[in-house]
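Below is one structure, written out as structure tokens; the observations come after it.
Lettering follows sequence order; numbering is per chain, from 1.
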2 protein chains.
Amino acid sequence: MPNRNADDDALLALSNQLCFAVYSTALAFNGVYKPLLDGLGLTYPQYLVMLVLWERDDVPVKDIGQLLHLDSGTLTPLLKRLEAAGLVSRQRSARDERQVRITLTEAGRALRERAKAVPQGIFAACGLSTPTLLKLKDELIALRDRLDAASG
Amino acid sequence: MPNRNADDDALLALSNQLCFAVYSTALAFNGVYKPLLDGLGLTYPQYLVMLVLWERDDVPVKDIGQLLHLDSGTLTPLLKRLEAAGLVSRQRSARDERQVRITLTEAGRALRERAKAVPQGIFAACGLSTPTLLKLKDELIALRDRLDAASG
DNA sequence: AACAAATATTTTGCAAGCAATTTAATTGTT
DNA sequence: AACAATTAAATTGCTTGCAAAATATTTGTT
């Protein structure tokens, strides 16, 4: 039986609360993005993939997964939907036939212009000053990296 | 054509990055919780529901939804799984037949003891001091509430 | 060269999460 | 009392997200 009292429990419950804060904030962000992305025909994870591709085209699935912390079981069907929507093309690499490389179509590139309005809506909804926003982002990334390290 | 330059774009991109930080931290938290909750036979959202019930038993689905920011489309099947697992019972309220009230079974109450070990693992994985953790939590809750307000 | 180990992607199955619709019960209005 | 409006859950359909297994290719070893 561990030697622990009510104060310890309250303290420990904080980490539960931090996780819930992150969890519910992620859901709330989705609620703000949704109406903005609906017009583009994208979901939030699909938008993330497009952000990657707008930054660097012709990317293997694996790299997208590492950048977005998603595995191929999530990405394969998502990318097929983007392909079906005519935004990307998927083709086996000639050099390494195990890889599938993702390339933007003309429509995919064109979507970037329409997507430029999205961040403004998000920024406004956050209601944070730029330094506060920057600090919060950095703290979360640091936390995330520790969590990833802890779970392998 | 909006009058905006590269600096503005970089600034606005920050809100995108904050959202991604929250998103990927939520996924990372899940990765830490998963092995801890697997032993209890719970998923993270199920664990959240159990936390609510351990705090206050005999709760309408609606109240659980408000506390966890989840709607009935998510909760109904989740609660049915908890019921199938023998942890809760679902029964229509006598006073208001529209409501379904959720009550812990004996097994549901008993699970609380085994769940006490969970927060310790999370706290350790976070690697944050208690004040830092508290502040981060509060900032996220404030952000979440602003986001919820912005999306209705 | 033969073959084991590692790598990249796909597939399958399950549990969220949400929008939109449906059903049933309650409340409010005339 | 009759009837419209509201409310609480449940249902349907679609998109994540992950674990585990399957497939195919490449790399490493002997």
Side-chain angles (χ1 to χ4, degrees), chain A residues 20 23-35 37-38 40-50 59-66 68-85 90-102 148 151-152, chain B residues 20 23-35 37-38 40-50 59-66 68-85 87-88 90-102 148 151-152:
Chain A
F20 177 66
Y23 170 80
S24 55
T25 304
L27 298 185
F29 257 123
N30 196 52
V32 176
Y33 270 101
K34 189 159 215 320
L37 294 178
D38 273 351
L40 306 178
L42 294 175
T43 64
Y44 179 67
Q46 290 169 3
Y47 173 67
L48 289 178
V49 169
M50 295 304 288
V59 188
V61 175
K62 174 127 200 287
D63 290 17
I64 298 177
Q66 282 176 339
L68 301 184
H69 292 70
L70 296 172
D71 70 359
S72 66
T74 300
L75 285 173
T76 295
L78 187 157
L79 290 166
K80 283 185 177 176
R81 275 174 222 120
L82 289 181
E83 186 183 40
R90 307 159 56 244
Q91 49 212 8
R92 292 270 161 196
S93 164
R95 262 192 298 133
D96 184 341
E97 297 250 347
R98 292 170 302 180
Q99 287 190 357
V100 169
R101 302 185 75 94
I102 309 300
D148 278 340
S151 73
Chain B
F20 177 65
Y23 170 79
S24 56
T25 304
L27 297 185
F29 257 122
N30 197 53
V32 176
Y33 269 101
K34 188 161 215 320
L37 294 178
D38 272 351
L40 306 178
L42 295 175
T43 64
Y44 179 67
Q46 290 170 3
Y47 173 67
L48 289 178
V49 170
M50 295 303 287
V59 188
V61 174
K62 172 122 200 289
D63 290 16
I64 298 177
Q66 282 176 339
L68 302 183
H69 297 240
L70 296 172
D71 70 359
S72 68
T74 300
L75 284 174
T76 296
L78 186 157
L79 290 166
K80 283 184 178 176
R81 276 174 222 120
L82 289 181
E83 186 183 41
L87 298 174
V88 308
R90 307 158 57 244
Q91 48 212 8
R92 291 271 161 195
S93 164
R95 260 192 300 132
D96 185 341
E97 297 250 347
R98 292 172 303 180
Q99 287 190 357
V100 169
R101 303 184 75 92
I102 309 299
D148 278 341
S151 73

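- Of the side-chain N and O atoms in Tyr23(A), one or more sit less than 4.0 angstrom from OP1 or OP2 of dG17(C).
- Note on ring orientation: taking the six-membered ring where Trp is involved, the planes of Tyr44(A) and Tyr33(A) are tilted (angle from 30° to 60°).
- Taking atom NZ of residue Lys80(B) and atom P of nucleotide dC14(C), one finds them 17 Å apart after rounding to whole Å.
- When rounded to the nearest whole Å, the span between CD of Gln91(B) and P of dA10(D) equals 12 Å.
- Proximity of Thr74(A) to the phosphate of dT16(D): no side-chain N or O atom is located under 4.0 Å from OP1 or OP2.
- Judged by distance alone with a 3.5 Å cut-off, no donor-acceptor contact links the side chain of Thr76(B) to the base of dA9(D).
- Atom P of nucleotide dA9(D) and atom CG of Leu75(B) are separated by 9 Å, given to the nearest angstrom.
- Nearest-nucleotide mapping onto DNA chain C: of Ser72(A) and Lys34(A), the residue sitting toward the 5' end is Ser72(A).
- Contact annotation for Pro77(A): no contact, since no heavy-atom pair falls under 4.0 Å across all strands.
- One finds a side-chain N or O of Gln46(B) lying less than 4.0 angstrom from the OP1 or OP2 phosphate oxygen of dA16(C).
- Within the 4.0 angstrom heavy-atom criterion, only backbone atoms of the sugar-phosphate kind lie near Leu78(A); the bases stay farther away.
- Under 3.5 Å, the side chain of Arg98(A) and the base of dT9(C) form no donor-acceptor pair of N or O atoms.
- No side-chain donor from either of Asp96(A) and Ser93(A) sits under 3.5 Å from a side-chain acceptor of the other.
- When all heavy atoms of Arg98(A) and Arg92(A) are compared, the pair lying nearest together is O-NH1, 2.8 Å.
- Rounded to an integer number of Å, the gap from CZ of Phe20(A) to P of dG17(C) is 11 Å.
- At the heavy-atom level, Arg95(A) lies under 4.0 Å from the strands shown only through sugar-phosphate atoms.
- Comparing Val61(A) and Leu27(A) along DNA chain C, the residue whose closest nucleotide (by nearest heavy atom) sits nearer the 5' end is Val61(A).
- A distance-only check finds no donor-acceptor pair linking the side chain of Asp63(B) to the backbone of Gln66(B) [under 3.5 Å].
- Between Ala94(A) and Pro60(B), the residue anchored closer to the 5' end of DNA chain D is Pro60(B), taking for each the nucleotide with the nearest heavy atom.
- Protein atom CG of Asn30(B) is 12 Å distant from nucleotide atom C1' of dT16(D), rounded to whole Å.
- Arg90(A) comes within 4.0 angstrom of the backbone, heavy atoms only, and of no base.
- When each of His69(A) and Asp96(A) is assigned the nucleotide of DNA chain D with its nearest heavy atom, His69(A) is the one assigned upstream, toward the 5' end.
- Atoms CG (Leu82(B)) and C1' (dA16(C)) sit 13 Å apart, rounded to a whole Å.
- The residue Arg81(B) sits close only to the backbone: its heavy atoms come under 4.0 Å of sugar-phosphate atoms, none of a base.
- Between Arg90(A) and Glu83(A), at least one side-chain nitrogen of the basic residue sits less than 4.0 Å from a carboxylate oxygen of the acidic one, meeting the salt-bridge criterion.
- A donor-acceptor pair is defined here as one N or O able to donate and one able to accept, closer than 3.5 Å; such a pair exists between the side chain of Thr76(B) and the backbone of Ser72(B).
- Rounded to whole Å, the distance from CD on Gln99(A) to C1' on dA6(C) is 14 Å.
- Neither OP1 nor OP2 of dA10(D) sits under 4.0 Å from any side-chain N or O of Lys62(B).
- Look at CZ on Arg92(A): it is 8 Å from C1' on dA24(D), rounded to the nearest Å.
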